[in-house]
Amino acid sequence: GAGVSQTPSNKVTEKGKYVELRCDPISGHTALYWYRQSLGQGPEFLIYFQGTGAADDSGLPNDRFFAVRPEGSVSTLKIQRTERGDSAVYLCASSSRTANTGELFFGEGSRLTVL
Amino acid sequence: GEDVEQSLFLSVREGDSSVINCTYTDSSSTYLYWYKQEPGAGLQLLTYIFSNMDMKQDQRLTVLLNKKDKHLSLRIADTQTGDSAIYFCAEKATGRRALTFGSGTRLQVQP
């Protein structure tokens, strides 16, 4: 597609539930990133994929968070047993491997609210 | 570790220049970036500078980099009401693909 697409744009769930957030990167971009942005804060790195594999998952806060990218394109961020502190905007970005500048192209985000 | 700091808020009058400042701690930064976020929208890259440069100009935008002091600034000339947004400084360290972002500076432009 023309840009990074994220669904859903808004998700309200109850504490303890399971949530999946989807990201469709720019066509041809091999690198995909997940960030989390809490209110009044900058984006906080969660995980980075190069192709199908997670090249850096050092930002995942705990084992309730997991992400996959099985075919090297669409990615899903999965959050188990959600907690109120998980409420944030989850941002996805992609970039081209050949772009030495490392520019990231962001989607509009999925706003998650845990009640 | 990497840390990027920004002031929270800046208010200017339309037509004035705006200067947004950022400090970072990682001396291995290769690229530094300025992103803009408008309400309800994703982050958009405004400009970037390679770490071996000290200045970059792009139309109304001027980026200054003081690598010794690890200080980055973004100057917006002739600021317009459409420039009202949150501006994020970000850095890319050697050997990492992910960017580290500051907490953002909210720019308010008064008519």
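Just so you know, these numbers come straight off a predicted model, no measurement behind them. Residue numbering restarts at 1 for every chain, and letters A, B, ... go by the order of the sequence lines.
- Using a 4.5 Å cut-off between heavy atoms, Gln37(B) touches chain A through its side chain atoms alone.
- Heavy atoms closer than 4.5 Å to chain A are found in both the backbone and the side chain of Leu43(B).
- In this structure, chain B has a heavy atom under 4.5 Å from the side chain of Ser58(A), while its backbone stays farther away.
- The aromatic rings of Phe101(B) and Phe88(B) stand perpendicular to each other, their planes meeting at an angle above 60°, with 30° marking the opposite boundary.
- Both tests do not hold together for Arg96(B) against Tyr48(A): distance to the six-membered ring centre under 6.0 Å, angle to the ring axis within 45°.
- There is a side-chain donor-acceptor pair under 3.5 Å between Thr105(B) and Gln6(B).
- Between chain A and the options Gly42(B), Cys89(B), Ser103(B), the largest number of non-hydrogen pairs under 4.5 Å is found for Ser103(B).
- For Leu91(A), the part lying under 4.5 angstrom from a heavy atom of chain B is the side chain only.
- Ring planes of Tyr31(B) and Phe50(B): tilted class, angle from 30 to 60°.
- If you measure heavy-atom distances from Gln37(A) to chain B, the contacts under 4.5 Å come from the side chain alone.
- Using a 4.5 Å cut-off between heavy atoms, Tyr35(B) contacts chain A through its side chain alone, with no backbone atom that close.
- Side-chain contact, Ser95(A) with Arg97(B): a donor N or O sits under 3.5 Å from an acceptor N or O.
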- side-chain contact (heavy atoms from CB on, under 4.5 Å) evaluation trace for Tyr90(A) with Ile79(A): CA-CA 11 Å; Tyr90(A) 288 82; Ile79(A) 310 173; 3.9 Å; yes
